[in-house]
Amino acid sequence: MNNDHSIIGKDIHHSFSSGETTNHVLKGISLEIEAGKLTIIVGPSGSGKSTLLAILSGLLQPSAGKVIVLGTDLWSLSRKKIDQFRLDNCSFIFQGFNLFSALTAKEQVILPLQYAGVKDKRAQQQAIETLKNVGLGHRLDARPLTLSGGEKQRVAIARAMAKDPKLIFADEPTSALDSRNGQIVIKLLHEAALTFGATVLCVTHDPRLLGHADRIIEIEDGSITEAYSQKKEQV
Ligand code: ADP
Ligand code: MG
C-alpha cells in the first residue's frame with residue numbers, strides 16, 4: 001500500500017433498514033485519506049457524512065465494501081480488535097463537546113490518557129502542555145459551566161490530541177460555534193495534521209471551513225461528486 005494513504009475506502013455501501021423500507025445511504029464510496037493533512041468531507045445535511053465517518057473509524061460496519069486503515073483491513077478484525085484499534089490509534093471530536101460537567105479542563109484531558117495507560121505525573125504534564133497548545137493554559141482548572149463554547153471545543157481538541165493519535169475524526173466540530181471560534185477550531189485541527197503528522201478527517205456541511213483543508217471531498221446523496229487538493233495556506 002502507499003504509506004501516505006492512511007485510510008482507504010473501497011466501494012463502500014451502506015443501507016439502513018426499518019420494517020419494509022431500506023434507505024441506501026452510501027452508494028459506492030471509494031476514497032483515500034492522507035496522513036499529515038486535514039481532509040474535509042463536505043456535503044449537505046443527510047448526504048451520508050456521519051455514516052461514512054463512522055464506517056471509516058470502526059464505529060459502524062458497512063453493508064459492503066472495504067476500509068483499510070494504517071494497512072489493516074479494519075472490518076475483517078473481530079469486534080474486540082476493532083475496539084482496541086480505536087483505543088490505540090483514534091481520537092474523536094463531535095459537535096456537542098461531550099465533556100464531563102464535574103471535571104476541570106485539565107481532568108478532562110488527563111482521563112483518556114490514564115485510560116490509555118499513561119502514568120499520573122506524565123499524564124498531568126501532557127494534559128497541561130496540550131491545553132497550552134490550544135490556547136487554554138489559563139483555563140486549566142475551569143469546569144465546562146464556566147467555559148465558552150469555543151473553549152469547550154478546544155478542551156475537546158486537547159483531549160483528542162493529548163494521546164498523540166495517528167487518526168483524528170471530527171464530525172461537525174464547529175457547528176455549535178460562532179464563525180470566529182469555528183475558524184479557531186478548524187485551524188487547530190489543521191495544525192494537528194501539519195505539526196504532529198496526524199491524519200485528520202473532518203466532516204461538515206459548512207463551506208466556510210474549506211479554506212483550511214488540504215484536501216476536499218464533496219459528497220452528495222451518498223456519492224462523491226468531487227475530490228481535490230488545495231495549496232496549503234499558512235496556519
Ligand atoms: P449527514 O451526516 O450527512 O447529515 P447521515 O450520515 O447522518 O448524514 O445520514 C444519512 C442518511 O441516513 C439520512 O437519511 C439519515 O436519516 C439516515 N440515517 C443515519 N443514521 C441512521 C440510523 N442509525 N438509522 C436509520 N437511518 C439513519
Ligand atoms: Mg452528520
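Everything numeric in this text was worked out from a predicted model, so none of it was measured. Side-chain atoms are counted along with the backbone in the values below, which use heavy atoms only and exclude waters and symmetry mates. The residues of the chain are indexed from 1 along the displayed sequence.
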Kindly say whether [Y] contributes a backbone atom to a donor-acceptor pair with the side chain of [X] at under 3.5 angstrom?
{"X": "T72", "Y": "L74", "answer": "no"}
{"X": "T104", "Y": "D141", "answer": "no"}
{"X": "Q230", "Y": "L210", "answer": "yes"}
{"X": "K187", "Y": "H212", "answer": "no"}
{"X": "T195", "Y": "A192", "answer": "no"}
{"X": "W75", "Y": "G65", "answer": "no"}
{"X": "K152", "Y": "G96", "answer": "no"}
{"X": "Q126", "Y": "A162", "answer": "yes"}
{"X": "R143", "Y": "A102", "answer": "yes"}
{"X": "K10", "Y": "I29", "answer": "no"}

Sub-4.5 Å side-chain heavy-atom contact between [X] and [Y]:
{"X": "I93", "Y": "D171", "result": "no"}
{"X": "P173", "Y": "L189", "result": "yes"}
{"X": "L201", "Y": "L56", "result": "yes"}
{"X": "L209", "Y": "D206", "result": "yes"}
{"X": "I186", "Y": "I40", "result": "yes"}
{"X": "I110", "Y": "K106", "result": "yes"}
{"X": "I55", "Y": "V67", "result": "yes"}
{"X": "T199", "Y": "K166", "result": "no"}

Measure the spacing between [atom1] of [X] and [atom2] of [Y] and express it to the nearest 0.5 Å.
{"X": "E151", "Y": "L177", "atom1": "CD", "atom2": "CG", "result": "11.5 Å"}
{"X": "Q153", "Y": "L188", "atom1": "CD", "atom2": "CG", "result": "10.0 Å"}
{"X": "R122", "Y": "L113", "atom1": "CZ", "atom2": "CG", "result": "9.0 Å"}
{"X": "L31", "Y": "R215", "atom1": "CG", "atom2": "CZ", "result": "9.0 Å"}
{"X": "L26", "Y": "D221", "atom1": "CG", "atom2": "CG", "result": "10.0 Å"}
{"X": "S6", "Y": "L167", "atom1": "OG", "atom2": "CG", "result": "5.5 Å"}

[X] with [Y]: basic N within carboxylate O range, under 4.0 Å:
{"X": "R180", "Y": "D178", "answer": "no"}
{"X": "K37", "Y": "E34", "answer": "yes"}
{"X": "D83", "Y": "R86", "answer": "yes"}
{"X": "K66", "Y": "D73", "answer": "yes"}

Verify the cluster assignment for [X] and [Y]: are they in a single hydrophobic cluster under the rule of side-chain heavy atoms below 4.5 Å apart?
{"X": "L70", "Y": "L77", "answer": "yes"}
{"X": "L111", "Y": "L140", "answer": "no"}
{"X": "L145", "Y": "V155", "answer": "no"}
{"X": "L103", "Y": "I157", "answer": "no"}
{"X": "F16", "Y": "L53", "answer": "yes"}

Specify the closest pair of heavy atoms between [X] and [Y], including all atoms of both residues, with the distance to one decimal.
{"X": "I82", "Y": "G58", "value": "CG2-O, 3.4 Å"}
{"X": "I219", "Y": "T225", "value": "N-OG1, 4.3 Å"}
{"X": "C90", "Y": "P165", "value": "C-CB, 4.3 Å"}
{"X": "S63", "Y": "S15", "value": "OG-N, 3.0 Å"}
{"X": "I216", "Y": "A213", "value": "CG1-CB, 3.7 Å"}
{"X": "P112", "Y": "R159", "value": "CG-CG, 3.5 Å"}

One pair to check against side chain to side chain contact (heavy atoms under 4.5 Å, CB included): I184 and N181. What are the steps and the verdict?
CA-CA 5 Å; I184 291 172; N181 279 297; 4.0 Å; yes

Heavy-atom neighbours of [X] [atom1] exceed 12 at 6.0 Å:
{"X": "Q125", "atom1": "CD", "value": "yes"}
{"X": "F100", "atom1": "CZ", "value": "no"}
{"X": "K27", "atom1": "NZ", "value": "yes"}

For S30 and D11, test the side chains for any donor-to-acceptor distance below 3.5 angstrom and give the result as yes or no.
no

In terms of side-chain heavy atoms, does Q61 have a donor or acceptor partner in H14 at a distance below 3.5 Å?
no

Does the side chain to side chain contact (heavy atoms under 4.5 Å, CB included) test come out yes or no for L52 and V203, once each step is laid out?
CA-CA 9 Å; L52 180 58; V203 307; over 6 Å; no

Can you give the donor-acceptor pairs under 3.5 Å from side chains of residues 114-121 to other protein atoms, not counting sequence neighbours?
| unit_1 | atom_1 | unit_2 | atom_2 | d |
| --- | --- | --- | --- | --- |
| Q114 | NE2 | D120 | OD1 | 3.1 |

Mutual orientation of the aromatic rings belonging to F92 and F94 [parallel < 30°, tilted 30-60°, perpendicular > 60°]:
parallel

Candidate list V42, I41, I224, test side chain to side chain contact (heavy atoms under 4.5 Å, CB included), partner E218, passing option
V42

Identify, with sequence neighbours excluded, every residue that meets side chain to side chain donor-acceptor pair (under 3.5 Å) alongside K81.
none

